[in-house]
Amino acid sequence: MVKKILFILAFLVMVSCETNMVFSEYRNLSNGAWQMKDTVAFKFSTVDTISVHDVFINVRNDNQYQFSNLFLITELGFPSGETVVDTLEYEMALPDGSWLGKGVGSIKENKLWLRENIVFPDSGVYNFKISHAMRENGQVQGVNELEGITDIGIQIEKTQ
């Protein structure tokens, strides 16, 4: 009898949990190295044009990552043809060298803010592209092969 009650309670808790997730997708970077010339691209179209959303970039890194920050260039293409380009910087480690992000073991996952309280104005297909813009101090050219970034993702959530 107690097992049945616990089972019913667990089931009700699982069913009553509402997720705000609208879209979530990852791209694996081959061999844990992100080439400067490689742009990671996503397409999504399941966005409500009335609701307010938060958009995140998800980054998984391991101990091969040599930097304490990460510079990204993002491009959001709207169905109307309009494009918004941003250059962003994110902290990946504390000053003592310990990684930010969640995870057990050598891989950490960072959920990084891209846009807050955005309303997607058009229905249709949106294109989202990410490339890295890392440079070593004193160098004009970028880092050709950024080691230690294993996966890049985008996540869209409805704001409550």
Engineer: Is it the case that one hydrophobic cluster holds both Val40 and Val84, taking links as side-chain heavy atoms less than 4.5 Å apart, direct or via other members?
Structural biologist: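 Same hydrophobic cluster.
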Engineer: Evaluate side chain to side chain contact (heavy atoms under 4.5 Å, CB included) for Val59 paired with Tyr65, printing each intermediate quantity in order.
Structural biologist: CA-CA 12 Å; Val59 177; Tyr65 191 67; over 6 Å; no
Engineer: Hey, are the side chains of Ser45 and Val125 touching, using non-hydrogen atoms and a 4.5 Å cut-off?
Structural biologist: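 Result yes, sub-4.5 Å side-chain heavy-atom pair found.
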Engineer: Is the His132 to Phe71 ring centre distance short of 6.0 Å?
Structural biologist: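 No, they do not, as the ring centres are separated by 6.0 Å or more.
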Engineer: For the residue pair Arg27 and Phe42, establish whether any side-chain heavy-atom pair is separated by less than 4.5 Å.
Structural biologist: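 They are in side-chain contact.
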Engineer: Could you grab the distance from atom OG of Ser68 to atom CG of Leu94, nearest 0.5 Å is fine?
Structural biologist: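 The OG atom of Ser68 sits 10.0 Å away from the CG atom of Leu94.
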Engineer: Please determine whether side-chain hydrogen bond (donor to acceptor under 3.5 Å, both in side chains) holds for the pair Asn69 and Glu89, giving the CA-CA distance in whole Å, both sets of side-chain angles, and the decisive distance to 0.1 Å.
Structural biologist: CA-CA 7 Å; Asn69 62 353; Glu89 179 185 11; 2.8 Å; yes
Engineer: Can you tell me how far the CG atom of Leu72 sits from the CD1 atom of Ile152, to the nearest 0.5 Å?
Structural biologist: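 Atom-to-atom, Leu72:CG and Ile152:CD1 are 6.5 Å apart.
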Engineer: Nearest 0.5 Å, please: how far is CZ in Phe67 from CE in Met134?
Structural biologist: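 Output value for this atom pair is 4.5 Å.
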Engineer: Mind checking whether Ile130 and Phe56 sit in one hydrophobic cluster, side chains of I, L, V, M, F, W, Y counted as touching below 4.5 Å?
Structural biologist: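 No, no single cluster joins them.
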Engineer: Are Tyr126 and Phe23 near enough that their ring centres are under 6.0 Å apart?
Structural biologist: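 They do not qualify: ring centres at least 6.0 Å apart.
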Engineer: CG of Asn63 to CD of Glu147: how many Å apart, nearest 0.5 Å?
Structural biologist: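 Result: 12.5 Å between the selected atoms.
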Engineer: Within a strict 4.5 Å, meaning less than it, do heavy atoms of the Leu88 and Tyr90 side chains meet?
Structural biologist: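 In contact.
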Engineer: Where is the tightest heavy-atom contact between Thr39 and Ser131, given as atom of each residue plus distance?
Structural biologist: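 Taking every non-hydrogen atom into account, OG1-CB, 4.1 Å.
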Engineer: Check whether any side-chain N or O of Thr150 sits under 3.5 Å from a backbone N or O of Arg60 as a donor-acceptor pair, and report yes or no.
Structural biologist: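 At least one qualifying donor-acceptor pair exists.
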Engineer: How close do Ala41 and Lys129 get, counting heavy atoms only, and between which atoms?
Structural biologist: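 Minimum heavy-atom separation between Ala41 and Lys129: CB-CG, 4.2 Å.
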Engineer: Is Glu91 close to Leu100 at the side-chain level, that is, under 4.5 Å between some pair of heavy atoms?
Structural biologist: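 Sidechains of Glu91 and Leu100: in contact.
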Engineer: Is there a side chain to side chain contact (heavy atoms under 4.5 Å, CB included) between Ile118 and Val52? Walk through the geometry before answering.
Structural biologist: CA-CA 5 Å; Ile118 182 176; Val52 178; over 6 Å; no
Engineer: Can you measure from NZ (Lys37) to CD (Glu145) and round to the nearest 0.5 angstrom?
Structural biologist: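 With rounding to 0.5 Å, NZ (Lys37) is 9.0 Å from CD (Glu145).
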Engineer: Please report the C-alpha distance between Asp48 and Lys158 in whole Å, then the side-chain angles of each, then the deciding distance to 0.1 Å, and finally whether the salt bridge (charged side-chain N to carboxylate O under 4.0 Å, His left out) criterion is met.
Structural biologist: CA-CA 9 Å; Asp48 180 345; Lys158 274 189 183 178; 3.7 Å; yes
Engineer: Report yes or no: do Thr159 and Asp54 form a side-chain donor-acceptor pair below 3.5 Å?
Structural biologist: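 Present: a donor and an acceptor within the cut-off.
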Engineer: Evaluate the criterion side chain to side chain contact (heavy atoms under 4.5 Å, CB included) for residue pair Asp122 and Phe120; output intermediate values, then yes/no.
Structural biologist: CA-CA 6 Å; Asp122 305 318; Phe120 292 95; over 6 Å; no
Engineer: Rounded to the nearest 0.5 Å, what separates atom CD1 in Ile154 from atom OG1 in Thr74?
Structural biologist: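 It is 9.0 Å, given to the nearest 0.5 Å.
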Engineer: For residues 107-115, please give each side-chain donor-acceptor pair under 3.5 Å, one per line with the distance, not counting sequence neighbours.
Structural biologist:
{"from": "Lys108", "atom 1": "NZ", "to": "Gly103", "atom 2": "O", "distance (Å)": "2.6"}
{"from": "Glu109", "atom 1": "OE2", "to": "Tyr26", "atom 2": "OH", "distance (Å)": "2.0"}
{"from": "Asn110", "atom 1": "OD1", "to": "Gly101", "atom 2": "N", "distance (Å)": "3.4"}
{"from": "Asn110", "atom 1": "ND2", "to": "Asn61", "atom 2": "OD1", "distance (Å)": "3.2"}
{"from": "Lys111", "atom 1": "NZ", "to": "Glu157", "atom 2": "OE2", "distance (Å)": "2.7"}
{"from": "Arg115", "atom 1": "NH2", "to": "Asp86", "atom 2": "OD2", "distance (Å)": "2.7"}

Engineer: Between Leu76 and Val85, does the side chain to side chain contact (heavy atoms under 4.5 Å, CB included) criterion hold? Intermediate values first, please.
Structural biologist: CA-CA 7 Å; Leu76 178 59; Val85 177; over 6 Å; no
